[in-house]
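Written out below as structure tokens is the structure these notes cover.
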Amino acid sequence: MRVVILFLFILFLSCNKEKKEDFFFNDNLYREVLNYQKKNPIPNNDLYKLFIYEINFSKKKDTLLTITVSPTGIISKNSFGIYKNKILKPSYIIDNKNFGKRFVKTYKKEGVESYILNEIPPHIDKIYPVYKYKIKRDKLILLDSLR
């Protein structure tokens, strides 16, 4: 009986660890990115193969976060990614000054090669909105949705 309980406990811990490794962002950022991805899906065909969700941390007057779709793949050299799991679609982060350190659990540089544009981008008429957030401590406050 103790062996069974020990086995179940070890199985529980290993499953829990697996889920945490796939969770790259804090709850607020993860929720906002998923919300954007559900409202703005990227079609699944060759014309859209470089399209990727872009999460950009910057600072002007306030620290800002923008979420949008990059139709030309990854252009910025200071980018991190690719972040994806069973629910989260491929996304990458631009964070030159480490403004997102409260929201990003792991900055990684894996898998970006397949999203780097090496040719002339195709002409696509679809324009995706930009969600703009103000960062206040650990909270994201939606300022605007620009199209």
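Because the structure is a prediction, the values reported are computed rather than measured.
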Report task. Any chance you could measure Ile74, atom CD1, to Ile94, atom CD1, to the nearest 0.5 Å? Result -> 8.5 Å

**Report entry** Nearest non-hydrogen partners of Ser145 and Tyr131, listed with the distance
**Finding:** OG-CE1, 3.3 Å

**Report entry** Shortest non-hydrogen contact from Leu50 toward Ser114
**Finding:** CD2-O, 3.8 Å

**Report entry** Nearest-0.5 Å distance, NZ of residue Lys97 to NZ of residue Lys101
**Finding:** 13.0 Å

Query raised in the report: Glu54 versus Tyr128: any side-chain heavy-atom pair under 4.5 Å?
Result: no

Report summary line: Rounded to the nearest 0.5 angstrom, the CG-NZ distance for Asn40 and Lys126 is 7.5 Å

Report task. Considering only Ile, Leu, Val, Met, Phe, Trp and Tyr, and joining two whenever side-chain heavy atoms are under 4.5 Å apart, list the other residues clustered with Leu143. Result -> Leu64

**Report entry** Minimum heavy-atom distance between Lys139 and Asn28, given as atom pair plus value
**Finding:** CA-ND2, 3.9 Å

Query - Hydrophobic cluster identity match, Ile93 and Ile42, side-chain contacts under 4.5 Å - result: yes

Query raised in the report: How far apart are the closest heavy atoms of Tyr36 and Val69, and which atoms are they?
Result: OH-N, 3.6 Å

**Report entry** Leu146 atom CG: more than 12 heavy-atom contacts under 6.0 Å
**Finding:** yes

**Report entry** side chain to side chain donor-acceptor pair (under 3.5 Å) between Tyr133 and Glu32, worked out
**Finding:** CA-CA 10 Å; Tyr133 299 84; Glu32 294 302 329; 2.7 Å; yes

Query raised in the report: Ile87, Val33: one ILVMFWY side-chain cluster at the under-4.5 Å cut-off?
Result: yes

Query - Ser91 side, atom OG; Tyr30 side, atom OH - distance, nearest 0.5 Å - result: 9.5 Å

Requested in this report: Kindly indicate whether the side chain of Leu34, heavy atoms from C-beta on, has any atom under 4.5 Å from the side chain of Phe25.
Outcome: no

Requested in this report: Please confirm whether Lys108 makes a cation-pi placement over Tyr83, using NZ or CZ under 6.0 Å from the six-membered ring centre and within 45° of the ring normal.
Outcome: yes

Query - Heavy-atom check, side chain of Ile135 versus side chain of Leu140, under 4.5 Å - result: yes

Report task. Check whether the side chains of Gln37 and Tyr53 place a donor and an acceptor atom closer than 3.5 Å, and report yes or no. Result -> no

Query raised in the report: So which pairs with a foot in residues 95-118 pass ring pair (Phe, Tyr, Trp, His ring centres under 6.0 Å), sequence neighbours left out?
Result: Phe80-Tyr107

Query raised in the report: Under 6.0 Å from the CG atom of Asn44, do we count more than 12 heavy atoms belonging to anything else shown?
Result: no

Report summary line: Heavy atoms of Lys132 and Leu142 approach each other most closely as O-CD1, 3.5 Å

Report summary line: d(Leu88 CG, Ile82 CD1) to nearest 0.5 Å is 10.5 Å

Query raised in the report: Can you tell which of Thr68, Val104, Leu29, Asp95 makes a side-chain contact (heavy atoms from CB on, under 4.5 Å) with Ile55?
Result: Leu29

Query raised in the report: If you measure from CG on Asp144 to OG1 on Thr66, what distance do you get to the nearest 0.5 Å?
Result: 12.0 Å

